[in-house]
Amino acid sequence: MLGWRKVNCLNILRDQFTRLTVCEPNLTRGHRYENHPRKRNPFWFVRQHRVQHEDLTTRDNQEFIREVVNDQYGPPSLIKGVTTYPNAVSGGLPAEQVNTEWNSKMRRTGVIAKKIGDYPLWLKNGKRIRTTLLQIADNHVIKYIPPEKFEPMQKPKCTKNLHKFGCLMVGAESMDPTMLTKEYCGLFKDSGVMPKAKLARFIISPEAQLLPGTPLNVSHFKVGDYVDVYGKTIFRGFHGVMKRWGFHGQPASHGQTKTHRRPGNIGGGGEKGRVWPGKKMPGHMGNRYRISKGLKIWRINTKYNVMWVQGSSIPGETNNFVYIFDSYLPLCRKTISPPFPTHFESNADNFPEDIYHEDVHSFQDPTILYEPET
């Protein structure tokens, strides 16, 4: 009887051991991988727009406030296709800094651009390509944070050795300070730059730092460069699996009843009888930050700060802001020295208004050439 108990216990332990080895591992993802937008602002968030109350100011007082703003920053004017102020940088432009020698391991700053539409281009071989127009909207450097002081709350995953890089804050589109809060205007107090409507931070090498007030234009890039574009996709609302994930759907006949656009089975049976994380199901579509990598610049317009970028799938709607920076892809990295840390404009620049890639056909050039007969 005692021997039978020992054999029975051994069998039970063996069954439990085999069950543990065959059991599927827990593949649930943590809270860091949840794919949904933030619903609350962080504790360091600074409110930008103030509440517009009916303070019953007279028309004379309103004109006086407008005159004070115009005396300090100048009247609103159209500069390079963007409505801005002539004296957005107090004290004039910063002194030209010394350029350092560039190498392939250095990282430059990016720019903030506005998506203004799609436009086709034709190559010299007759091929038609689709491009997106991105306008660099009145960019100025706001602040530089050195590596020893740069401690972000959320560390980027694509950047290794973050302690070796600094951070450069860039602003776009000057805005009337009377429409903003006092706390938000305080961010621009030490930089001498007029408050901006859009801010962005770029991780750069310490050698690529720029002084506050330095303007950034489309000449920061060259025709033929490859860039990455980062922006928020269009919010489409709640959609099913056919619209959201491109499912084929189920048959339209042969016994199908109200299941034409449904996903079908969403999980198996047995010990793993549950819905696995990451299952493609109906839900909200869009409203996520996405990045388009390795896009080629085909054309540049220096008069209006516009660039023609490869493809028409840039994330975001028309007139939305996107962030442009040098591509991180190994085969798209620069091999020739770019304007480092950026291109400083001067009166001696003789850039043409339109700069085309060597493969792009310009409509100012003839399309048919007649050669004399021999």
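Distance alone, capped at 3.5 Å, is enough to place a donor-acceptor pair between the Thr302 side chain and the Pro352 backbone. Proximity of a side-chain donor or acceptor of Thr131 to a complementary backbone N or O of Tyr119 within less than 3.5 Å is detected. Looking at Thr181, its side chain does come within 3.5 Å of a backbone N or O of Arg47 through a donor-acceptor pair. His254 places no side-chain N or O within donor-acceptor distance of the main-chain N or O of Pro251, the cut-off being under 3.5 Å. Side chain of Asn319 to backbone of Ile116: no donor-acceptor contact under 3.5 angstrom is found. The backbone N or O of Val68 sits nowhere less than 3.5 Å from a side-chain atom of Asn70 that would complete a donor-acceptor pair. Without hydrogens or angle criteria, Asn161 side chain to Lys164 main chain gives no donor-acceptor distance under 3.5 Å. Here the side chain of Asn305 pairs no donor or acceptor atom with the backbone of Asn217 at under 3.5 angstrom. Judged by distance alone, with hydrogens and angles left aside, the side-chain atoms of Trp245 form a donor-acceptor pair with the main-chain N or O of Met281 at under 3.5 Å. In this structure a side-chain-to-backbone donor-acceptor pair under 3.5 Å is missing from His140 to Met194.
Counting only heavy atoms from C-beta outward, the side chains of Lys222 and Pro339 approach each other to under 4.5 Å. Residues Leu210 and Phe344 form a side-chain contact, since some pair of their non-hydrogen atoms from C-beta on lies under 4.5 Å apart. Contact annotation: the side chain of Leu121 approaches that of Trp308 to within less than 4.5 Å [non-hydrogen atoms, C-beta and beyond]. Within the 4.5 Å cutoff, the side chain of Phe221 has heavy atoms near those of the Ile324 side chain. With contacts defined as side-chain heavy-atom distances shorter than 4.5 Å, the pair Lys296/Tyr226 qualifies. Proximity of Asn320 to Ile234: side-chain heavy atoms (C-beta onward) are nowhere separated by under 4.5 Å. Looking at Phe340 and Glu207, their side chains come closer than 4.5 Å, going by heavy atoms from C-beta outward. Put simply, the side chain of Arg107 reaches to within 4.5 Å of the side chain of Ser205, judged on heavy atoms.
Listed by chain and number, the residues in a ring-ring contact (aromatic ring centres under 6.0 Å, His included) with Tyr184 are Phe188 (sequence neighbours excluded). The ring-ring contact (aromatic ring centres under 6.0 Å, His included) search around Phe64 returns none, not counting sequence neighbours. A search for salt bridge (Lys or Arg N to Asp or Glu O under 4.0 Å) contacts involving Lys143 returns nothing, not counting sequence neighbours. Partners of Trp298 according to the side-chain hydrogen bond (donor to acceptor under 3.5 Å, both in side chains) rule, which considers only residues two or more places apart in sequence or in another chain, are Gln310.
For residues 115-131, there are no salt bridge (Lys or Arg N to Asp or Glu O under 4.0 Å) pairs, not counting sequence neighbours. Applying the side chain to side chain donor-acceptor pair (under 3.5 Å) test to pairs two or more places apart or on separate chains, those with a residue in residues 257-269 are Gln256-Thr259. Identified under the salt bridge (Lys or Arg N to Asp or Glu O under 4.0 Å) test for residues 298-327, with sequence neighbours left out: Arg108-Asp326, Arg299-Asp354, Asp326-Lys334. Applying the salt bridge (Lys or Arg N to Asp or Glu O under 4.0 Å) test to pairs two or more places apart or on separate chains, those with a residue in residues 171-196 are Lys114-Glu173, Asp138-Lys196.
Residues Thr132 and Gly311 share a closest heavy-atom pair of OG1-O, 2.6 Å. For Cys167 against Arg201, the heavy-atom pair with the smallest separation is SG-CB, 3.5 Å. In terms of heavy-atom proximity, Met169 sits nearest to Leu199 at SD-CD1, 4.4 Å. Across Ser327 and Asp228, no two heavy atoms sit closer than the pair OG-OD1, 3.0 Å. Nearest heavy atoms, Cys185 versus Pro177: SG-O, 3.9 Å. Across all their heavy atoms, Leu216 and Gly110 have their closest contact at CD1-O, 3.8 Å.
Leu162 and Ile204 fall into different hydrophobic clusters, where Ile, Leu, Val, Met, Phe, Trp and Tyr residues are linked whenever their side-chain heavy atoms come under 4.5 Å apart, directly or through other members. Residues Ile291 and Leu295 share a hydrophobic cluster, clusters being chains of Ile/Leu/Val/Met/Phe/Trp/Tyr side chains in contact below 4.5 Å. Ile203 and Phe325 sit in two unconnected hydrophobic clusters of ILVMFWY residues. Membership requires side-chain heavy atoms under 4.5 Å apart, directly or through other members. There is a path of hydrophobic side-chain contacts, each under 4.5 Å, that joins Val111 to Tyr230. A chain of hydrophobic side-chain contacts below 4.5 Å, direct or via other Ile, Leu, Val, Met, Phe, Trp or Tyr residues, connects Val223 to Leu134.
Expressed to the nearest 0.5 Å, how far CZ of Arg290 lies from OG1 of Thr233 amounts to 6.0 Å. Between the CE atom of Met106 and the CD atom of Glu101 there is a distance of 8.0 Å, given to the nearest 0.5 Å. The OH atom of Tyr356 sits 4.0 Å away from atom OG of Ser362, with the distance rounded to the nearest 0.5 Å. To the nearest 0.5 Å, the span separating CG on Leu133 from OG on Ser312 amounts to 12.0 Å. Tyr73 contributes atom OH, which lies 11.5 Å from atom OG1 of Thr84 (distance to the nearest 0.5 angstrom). The structure places OG1 of Thr214 at 12.0 Å from CD of Glu345, a figure rounded to the nearest 0.5 Å.
Within 6.0 Å of NE2 on His163 lie more than 12 heavy atoms contributed by other residues, nucleotides or ligands. Sparse packing is recorded around CD of Gln364, with 12 or fewer heavy atoms of other residues, nucleotides or ligands lying under 6.0 Å away. Atom CD of Glu151 has 12 or fewer heavy atoms from other residues, nucleotides or ligands within 6.0 Å. Applying the 6.0 Å contact sphere to CZ of Phe247 captures more than 12 heavy atoms from other residues, nucleotides or ligands.
Taking the six-membered ring for Trp and thresholds of 30 and 60 degrees, Phe202 and Tyr323 have ring planes more than 60 degrees apart, a perpendicular arrangement.
Clustering of Ile, Leu, Val, Met, Phe, Trp and Tyr by side-chain heavy atoms under 4.5 Å joins Ile336 with none of the others. Through side-chain heavy atoms spaced under 4.5 Å, either directly or across other Ile, Leu, Val, Met, Phe, Trp or Tyr residues, Leu78 is tied to no other residue. Other residues sharing a hydrophobic cluster with Trp122 under the 4.5 Å side-chain heavy-atom criterion for ILVMFWY residues are Phe363. Hydrophobic cluster of Phe238: no remaining members, since no ILVMFWY side chain lies below 4.5 Å from it.
The side chain to side chain contact (heavy atoms under 4.5 Å, CB included) test with Ile142 singles out one residue from Ser191, Pro195, Pro212, and that residue is Ser191.
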